[in-house]
Each structure stands twice: as C-alpha cells, then as structure tokens.
Amino acid sequence: MMNSDTLSPRNIFLFMAAFVAIAVFAYFYVASFALGYRAVFVMHGGAVLFLGCAIFLRNLSRFLLFAAVFCIPLQFGYHIIHQPVLEIESQPFVAGIRIDCVDVILVLLYAHWAVLISRDKGRRRVRFGHPIGTVLLIWIAYCFVSSFWTSVQLRYSIFEVIELLKGYLFYVYLVNNVSSKEDFLAVVYGLFASTVAHALYIVVQYITKMNYTVHAELVEYVGPEGFRSAGFFGSPDAASAFISIIFPVAVAYFVCFRGELRRLGTLVLIGLFGIAIMCTKVRATGFAVLISSVSILWICYLRGWMSSRRMTKLVLVGGLLLLLVIPFSVERFRTGTYGEDRIPLLLTAVNMFKEHAALGVGTNNYAFRVAPYIPLKMKYSWTYIVHNEYLLRLAETGVIGFLIYYFLILLVFIRLVQSTGSPDPWVFVVSAGLLAAMIGSLLHRMVSIYHYVSFFTEWCVIMAMAEVMFTFERERRAKASAGAKSGKAGRDV
C-alpha cells in the first residue's frame, strides 16, 4: 500500500537512477559475452570475489588468503611477455612473464600487511622462515646467477626465476601472517577446496570425454590405454600430482577426527580423489598414493592417534579396495607401455648431465639443449622433456643446484616430522598428511617431471605450512615449559 512518501521527488529520482544503473549493467553484462570466455570468467569470478569480501569483511585478509590458495591450480592470468617455443616438442617450464589471479590477490595481502607494519611502528618483525626460507632464497639466487654462465637462452632462465620469486613471496607472507588457528584453517580449507574442484573437473572430463582446460584449449589424451582426463591445465601427470598431495591429508583427517558426519564427508572426498586419479590413468601416482596411504596409517599409529586394532581394520578395508581396482589396473598395464618409450628421455638427460655436471645447462634451458644429447640410435624417438625430476634438476642446475634443492626438501621433511609430535589434531593431521605425501613423492619424482608453475606455488605453500606448524608447536612447548616452571615456583613458595 502506497503512502505519501512513495512518490516523492527524491524516491522517484532514486528509482530512476537504480533503473538506469541496472539497465547499463545488463547491457555490458550481455555485451561481455561477445568478448570471449575470459571476459565472462573474469566478470563472474570478480562478482564472487566481491561477494565473499562483503560477507567476510571483518576477516577480509583471511578470506583473500583462502582465495589465493584456492586459485593456485587455475593458472588464470595474462602474459605481459609471452615467447612460446613452438618448434621444439620439449617445452620449457615457463615461456614468459605473466600476471596471475593469485598474484593480484597477493598484492592486496601485502598491501594490508604493509599497513599493519606501519601501524605497529616497526615493532612487527619480518621473518623469512629460516632455515627453509633461507635455503629457498639461496636456491633461487643460484638458479639466477649460474644461468649467466650456462644458459644459451638467458631470458627463459629469467622467466623461471621470476616465477620462483613469486612463489617465495607467497612463502614469506604465509610465514609472517599465519599466526592463528583461523588463518591456518583458511589455508587448509583453500588447499582442500582447490583439490575438490580439480577432482570434480577431472571426473567431468572423463564422463564427457572433453579435455578442455580452464584456458578453453582442447587437449586430446587418447591412446592405447583409452581416454585420459587432463585436468585444469592439460596434463594428466600434473593433475594427478596435485591431488596426491592432499589425498593423505584427507586420510589422516578420517583417522583422527571423530563424528559420523565428518567421517562420511571425508570418506566421500577420499573416494572422489581416488576416482579422479584413476581417470588420469597415471600409474606412478597410483603407486605414490598407495605408499603415502600406508605411510599415513603408520605415522598415525606411531604417534598414538590410532590403535593397532583400528589400524588392522583400515588395512583390511584398504586391501579390499585394492582388489576392486585390480581389473582397472590390469587393463591399464595391458594397454599401456612399461616405460620403454621413456628410455630415450632418460639417456638424453644422463648425457646432458655428464657433460655439464657442475652447473648444468641453465635454468629453464633443457628444451634448447636437448637435441645434441639424444643417443644416435634414438635420434628420431620421442624428444620431450625427461620424466624424472631428479635427472631434470641435475641436467639444468648441475650437482650444486641439485644438492641445494634436495637439501631444501630434507629441511621440509625434518620440520614436518617435528610437527607430527603435536597434540593439536589439526596440526598433526596436516603435518602427518603432507609428510606422507612427500614420502610418496620420492617414487613419483622418478617417473614424473614434478616441476610445473602452479605446482611450485603450491609447494611454496606447503613449505610455509611446515614452518608455521613447527612455530605453533615450538610456542606450545614454550608455554607448557613456562607453566610448569611457574607451577613449581608456586609449590616451592
């Protein structure tokens, strides 16, 4: 029912202004569809982002942190410089300088952090997560400096170093700003959410038999083994590697947390992750997940989070599930190769390393140096990049770079082992799950590149989480020790 104020000049003006604004927005919204899928993606993604910012306004930095972690595997951005190597089958790690959606969110987070530092008048100390952060920076510096002596395509080495530095900046932000359980959970939820989205995408690809990447490029993976899902960015190996990181974390959550609803939901996620890995048909990931699953059960048992009786039950259930997937595994081995097609790749990398043992051929330069090192008898064989991260590191960065990089991995191992002693269930679940994933990756790295742009960014997140969890555990022990001393002093009085 209208009143006298409804038709006032002020209200009529507001109604007309709202109508014009909605009409203009509707026009540009419809017109944007003609600009291509990127414009549509950016418009809807921006709408969701601003909606989330509005909902989580009081914890805006935490929401942006979740969004940054979630967007890592999307690889959605714009190249400032793009120099693809079209005539070489073996593509480099990165072929240009790009601005990713993760970079944009990270700039906002750094701006907020800068405001906090300025308000604190210098009392807020910037940490670099020593020793992991220090060794990571040393490795990046080595990749940059050594390339001046070794690279035949120095600009491609610089391209990779820039990507490595962006990952390092993500690491530094997390180490300094994940200081509460809520921040910690925002990162964990981001990792889980991105993995669930990726797994669902892979399953949809397998059902529809359409391997469109998030860049709207169609990648065909159909061979003797049949159709293979290629994931967000067109690589079954990369897609399965992403999922294999979070898989053991989900298993650890299922083991350690109580509640029927929680367990049922986690069991559904574990099943989704397993089905997605099967859709990629990457056998090495299957073995890595098997190793990491056994490892996480053993870690949970050793740390007292699971009884021997329950462990026996889970092993039996796991054995039953393995029996169910045997027909699929047999079919995959029957139709696929047994690695003989990759022998030329391995021999090529070995030949390259033998000639450049100390410093390698240069960061991101494997693709430009591969041709002279292919064995003569295999000159016309597959010349793609070697599917072995150990040999790839040796060939590109030499023994020195190889030792620095794997010393970094050893430090992460040590930090995660130390954090598994925490009584906090979340710290234990994440540290034990990531530790088990790294144990499984030792095999996976032997038959996979394990070196992708998005994967490195997520690897930096994992390194930061290892340092953050160690810090949580150290602070807990310090408080417990201080409490024990004060209690003893009180009794003495």
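The backbone N or O of Arg228 sits less than 3.5 Å from a side-chain atom of Asn211, completing a donor-acceptor pair. Between the side chain of Ser229 and the backbone N or O of Ile202 there is at least one donor-acceptor pair closer than 3.5 Å. Remark: side-chain polar atoms of Arg127 are paired, donor with acceptor, to backbone N or O of Val175 under 3.5 angstrom. Judged purely by atom type and a 3.5 angstrom limit, Ser431 uses its side chain to pair as donor or acceptor with the backbone of Phe428. At distances below 3.5 Å, at least one donor-acceptor pair connects side-chain atoms of Glu396 with backbone N or O atoms of Asn364. A donor-acceptor contact shorter than 3.5 Å links the side chain of Tyr171 to the backbone of Gly129. Side chain of Ser147 to main chain of Gly362: no donor-acceptor pair is present (N/O by atom type, distance under 3.5 Å, no hydrogens or angles). Using modelled atom types, no side-chain atom of Glu458 and backbone atom of Pro73 make a donor-acceptor pair closer than 3.5 Å.
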Check the pair Phe353, Leu391 against side-chain contact (heavy atoms from CB on, under 4.5 Å), reporting the backbone distance first and the verdict last.
CA-CA 8 Å; Phe353 165 66; Leu391 288 177; 5.8 Å; no
Before you tell me yes or no, could you show the steps for Tyr406 and Tyr390 under ring pair (Phe, Tyr, Trp, His ring centres under 6.0 Å), namely the whole-Å CA-CA distance, both residues' side-chain angles and the distance that decides it to 0.1 Å?
CA-CA 9 Å; Tyr406 284 100; Tyr390 302 108; 5.3 Å; yes
Take Leu272 and Leu200 through the side-chain contact (heavy atoms from CB on, under 4.5 Å) test and state the conclusion after the steps.
CA-CA 8 Å; Leu272 174 64; Leu200 288 171; 3.9 Å; yes
Do Phe407 and Trp139 pass the ring pair (Phe, Tyr, Trp, His ring centres under 6.0 Å) test, and can you show the C-alpha distance, the side-chain angles, and the key distance before you say yes or no?
CA-CA 10 Å; Phe407 178 62; Trp139 178 68; over 10 Å; no
Using the rule given for side-chain contact (heavy atoms from CB on, under 4.5 Å), can you reason through Arg369 versus Val152, listing the C-alpha separation, both sets of side-chain angles and the distance that settles it, and then say yes or no?
CA-CA 8 Å; Arg369 303 291 291 271; Val152 294; 3.4 Å; yes
Taking it one step at a time, do Leu154 and Phe148 satisfy side-chain contact (heavy atoms from CB on, under 4.5 Å)?
CA-CA 7 Å; Leu154 180 60; Phe148 282 92; 3.6 Å; yes
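In summary, the side chains of Thr397 and Arg393 do not present any donor paired with an acceptor at a separation below 3.5 Å, with no hydrogens or angles considered. Defined by atom type and a distance below 3.5 Å, a donor-acceptor pair is present between the side-chain atoms of Ser157 and Asn365. Between the side chains of Glu473 and Ser419, no donor-acceptor pair of N or O atoms lies under 3.5 Å. Using modelled atom types, one finds a donor on one side chain and an acceptor on the other under 3.5 Å when comparing Thr285 with Ser240. A side-chain N or O of Asp183 and one of Ser180 form a donor-acceptor pair less than 3.5 Å apart.
Of the residues listed (Tyr168, Phe128, Tyr110), the one engaging Tyr173 in a ring pair (Phe, Tyr, Trp, His ring centres under 6.0 Å) is Tyr110, and it is the only one. With His198 as the partner, the ring pair (Phe, Tyr, Trp, His ring centres under 6.0 Å) test is satisfied by one option alone out of Phe233, Phe273, Phe192: Phe233. With Ile162 as the partner, the side chain to side chain contact (heavy atoms under 4.5 Å, CB included) test is satisfied by one option alone out of Ile158, Leu165, Leu164: Ile158.
By the 30° and 60° cut-offs, the orientation of the rings of His79 relative to His82 is parallel. The aromatic rings of Tyr452 and Phe455 sit perpendicular, their planes meeting at an angle over 60°, well past the 30° parallel limit. By the 30° and 60° cut-offs, the orientation of the rings of Tyr201 relative to Phe232 is tilted.
In this structure, OG in Ser454 is found 8.0 Å from CG in Leu74, a value given to the nearest 0.5 Å. Between atom CE of residue Met446 and atom CG of residue Asn388 there is a gap of 6.5 Å, rounded to the nearest 0.5 Å. Remark: Ile72 CD1 to Thr457 OG1 distance equals 6.0 Å, nearest 0.5 Å. Interatomic distance, CZ of Arg342 versus CG of Leu347, reported as 14.0 Å (0.5 Å rounding). The line from CD1 of Ile243 to SG of Cys279 is 9.0 Å long, rounded to the nearest 0.5 Å. One finds the CD1 atom of Ile439 at 9.0 Å from the OG atom of Ser441 (value rounded to the nearest 0.5 Å).
Both the sub-6.0 Å distance and the 45° axial angle are not jointly satisfied by Lys166 relative to the ring of Phe170. Both cation-pi conditions hold for Arg415 and Phe470: the charged atom is under 6.0 angstrom from the six-membered ring centre and inside a 45 degree cone around its axis.
Residues Tyr156 and Phe93 are not in side-chain contact: their nearest non-hydrogen atoms beyond the backbone lie 4.5 Å or more apart.
The number of heavy atoms from other shown groups lying within 6.0 Å of CD1 (Ile414) is above 12.
Taking every heavy atom of both residues into account, Met352 and Ala395 meet most closely at SD-CB, 3.8 Å.
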